[in-house]
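Written below as structure tokens is the structure these notes are about.
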Number of protein chains: 2
Amino acid sequence: MQPAPITSCSICRTVDRLSSVAAEAPPDGAHRPPVACSGCNLREICLPFGLSAEARERMDPLVGRRRSVRRLEPLYRTGDPFSSLYAVRTGFFKTCVTGASGRDQVTGFQMAGELLGFDGIGTALHTCDAIALEDSQVCVIWFDQLETLSRDSAELQHQIHKIMSREIVREHGVMLLLGGMRAEERLASFLVNLLHRLRLRGFSGSSMLLRMTREEIGSYLGLKLETVSRSFSKFQDDGLLEVRQRNVRVLDEAALRRVMHDATS
Amino acid sequence: MQPAPITSCSICRTVDRLSSVAAEAPPDGAHRPPVACSGCNLREICLPFGLSAEARERMDPLVGRRRSVRRLEPLYRTGDPFSSLYAVRTGFFKTCVTGASGRDQVTGFQMAGELLGFDGIGTALHTCDAIALEDSQVCVIWFDQLETLSRDSAELQHQIHKIMSREIVREHGVMLLLGGMRAEERLASFLVNLLHRLRLRGFSGSSMLLRMTREEIGSYLGLKLETVSRSFSKFQDDGLLEVRQRNVRVLDEAALRRVMHDATS
DNA sequence: CGCACTCTTGAAAGTACTCAAACTTAGTGG
DNA sequence: CCACTAAGTTTGAGTACTTTCAAGAGTGCG
């Protein structure tokens with residue numbers, strides 16, 4: 001790993017080792033993030049993905065500050081007033097809803113570049129918990145500012161709609177998984193999806209370190225933790241994976257995809 | 001039922017028995033709907049809900065036309081280019097996604113005042129099928145026009161975000177249902193939700209006519225049609241419902257809600 | 001009136017769950 | 001440094017639930 005220019009923020013006290021772009025001088029005393037969107041190394045997978053350089057630059061004043069969240073602490077909780085979206089900068093999150101009967105359901109896992117918080121727009125209150133699964137850092141995006149800005153930029157406006165639409169479509173995929181798949185199909189889908197997202201972020205993807213417990217995977221997949229564990233063991237026995245606790249090495253991705261699609265019914 | 005003023009549209013050939021507001025003269029020959037949003041009787045549950053009278057009026061040019069869809073025909077299909085959202089005016093729809101293995105999953109049922117089509121924004125192609133379950137009529141809302149208009153109206157802009165957010169939250173609820181509930185809890189949740197939405201539309205809600213088959217309910221709930229049927233029979237035996245095919249009378253809604261919440265685990 | 005479709009019900013099979021115990025790993029404090 | 005603890009994981013055995021397969025009944029349309 002090579003040394004990179006380090007910029008740090010005197011207010012949120014975060015240190016940015018990732019970007020080579022130094023922070024600009026804060027205008028009128030406002031707190032500015034160490035790195036603006038236009039210079040962020042996540043810009044191609046985060047909120048600004050695909051935007052023109054011009055539209056990206058317009059977003060720079062948007063990210064008000066960074067926020068650090070320690071492992072197992074909430075970024076927000078059900079019932080918290082909604083004011084902003086969050087872009088994961090480093091780390092890993094889960095979001096989960098709690099049913100009336102007290103049952104928890106993990107609705108998603110979010111990694112660098114992914115956005116959190118859309119659940120709160122409709123009621124102005126967050127409707128799920130967002131919990132960090134490792135020490136993490138997020139960019140805080142004030143939502144009313146995002147709306148204001150997007151009224152001046154059709155490109156940014158459409159971007160927001162696209163991202164929310166994709167979240168809806170993603171959830172359709174989860175419903176497909178929960179609605180009809182067998183345990184092993186579910187786990188295979190989950191792993192292939194994780195693999196895909198890791199590759200987008202430049203990881204080889206043959207080997208990965210799971211950030212969540214078997215129970216959290218199970219909750220997401222609608223399975224009990226024992227069933228998840230058994231499915232992992234099955235995949236290992238069949239030579240698809242090498243599993244050592246949370247270390248998973250994918251040995252036969254094609255077979256994994258086959259498991260995922262082969263609806264025996 | 002009392003006679004209401006009837007306005008009909010010479011282009012889409014639809015007849016509107018619901019509204020008492022007559023169509024205005026079409027400007028510059030453009031096709032105008034029989035009833036604009038500002039005068040629509042669904043305005044308090046549809047896209048304009050909660051908007052100021054002013055914002056509502058700004059929406060009037062938005063609804064380009066009406067479209068009729070016959071029972072079992074698609075409003076749109078997976079892969080169709082996305083150009084507009086649809087507001088259900090009369091009738092009933094289901095949306096369903098098809099997995100890679102050819103399995104279908106119903107992702108939702110939509111009734112009057114509810115919006116369809118958000119799935120298409122992200123990729124500019126629709127990612128699910130929307131099928132009419134009875135002869136239906138929708139208002140076509142050109143999406144680029146909606147975006148243009150919402151750049152001039154913070155209120156309308158926020159409305160779109162709210163509606164998409166609520167769709168995300170709704171799907172969280174479905175994930176909770178699919179992820180952890182037993183068959184009878186699922187069906188009870190489904191019925192209570194349907195009841196709620198019918199009441200919002202002014203129906204008594206003790207009695208309802210299901211528009212979908214047991215198989216479609218099962219697909220939505222992640223169950224086989226036989227299991228849905230058995231659960232209906234169970235509810236009837238227990239005196240919660242009176243079921244005659246698709247006619248369902250709710251006899252004990254409190255008990256139904258109890259079934260829904262009582263997580264034995 | 002008959003055919004097609006949908007719904008109901010029964011019996012058997014299969015899948016995931018529950019309960020329980022042993023094992024691994026990481027963190028803590030003596 | 002190591003024992004100890006707590007949390008997480010694996011595995012087994014028995015159970016509960018849903019599915020599958022099958023047959024029959026009800027409903028609606030041509």
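Worth knowing before you read on, the calculation uses all heavy atoms, side chains too, and leaves out hydrogens, waters and symmetry mates. Proteins get letters first, then strands, A, B, ... in listed order; numbering begins at 1 in each.
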Considering only side-chain heavy atoms of B:K224, which listed nucleotide, D:dG8, C:dT8, D:dT20, is closest? D:dT20

How close or far is atom P of C:dT8 from atom CG of B:N247, stated in whole angstroms? 12 Å

Whole-Å distance between D:dT9 P and A:F232 CZ? 9 Å

Closest-nucleotide mapping onto DNA chain D: is B:L223 or A:M212 further toward the 5' terminus? I mean the 5' end. A:M212

Measure CG/B:L225 against P/D:dG26 and give the value in whole Å, please. 18 Å

In this structure, how many angstroms lie between the C1' atom of D:dA7 and the CZ atom of A:R246, rounded? 9 Å

Of B:V228 and A:E184, whose nearest nucleotide on DNA chain C comes first from the 5' end? B:V228

Regarding the side chain of B:R182, the nearest nucleotide among D:dC17, D:dT10, D:dT20 is D:dC17

For a quick check of understanding: with a heavy-atom distance under 4.0 Å over all strands, which category does B:G222 fall into, base, sugar-phosphate or nothing? sugar-phosphate

In whole Å, what is the span from the CZ atom of B:R244 to the P atom of C:dC7? 15 Å

Which nucleotide in the list C:dT9, D:dT11, D:dT18 gets nearest to the side chain of B:R230? C:dT9

Candidate nucleotides D:dG8, C:dT8, D:dT20, ranked by approach to the side chain of A:T213 - the nearest: D:dG8

Rounded interatomic separation in angstrom, taking CZ from B:R186 and P from D:dT19: 8 Å

Cation-aromatic face contact B:R214/B:F232, 6.0 Å, 45 degrees: yes

Identified side chain to side chain donor-acceptor pair (under 3.5 Å) counterpart of A:T78 within the set A:T127, A:T98, A:D129: A:D129

Greater than 12 external heavy atoms within 6.0 Å of B:R201's CZ: yes

Kindly indicate whether the side chain of A:Q245 and the base of C:dC23 share any N or O donor-acceptor pair separated by less than 3.5 Å? no

Tell me which nucleotide among C:dT8, D:dT11, D:dT19 gets nearest to the side chain of B:T227. D:dT19

B:V243, nearest nucleotide to its side chain (from C:dT8, C:dT6, D:dT10): C:dT8

Between A:E171 and B:H172, do the side chains contain an N or O donor and an N or O acceptor separated by less than 3.5 Å? yes

Atom-to-atom span, CD of A:E226 to P of C:dT15 - whole angstrom: 18 Å

CZ-OG1 distance between B:R246 and B:T213, expressed to the nearest 0.5 angstrom: 6.0 Å

Give the rounded distance in Å between these two atoms: CZ of B:R103 and P of D:dT19. 12 Å

Regarding A:S233, tell me which of base, sugar-phosphate or nothing describes its non-hydrogen contacts under 4.0 Å with the strands shown. sugar-phosphate

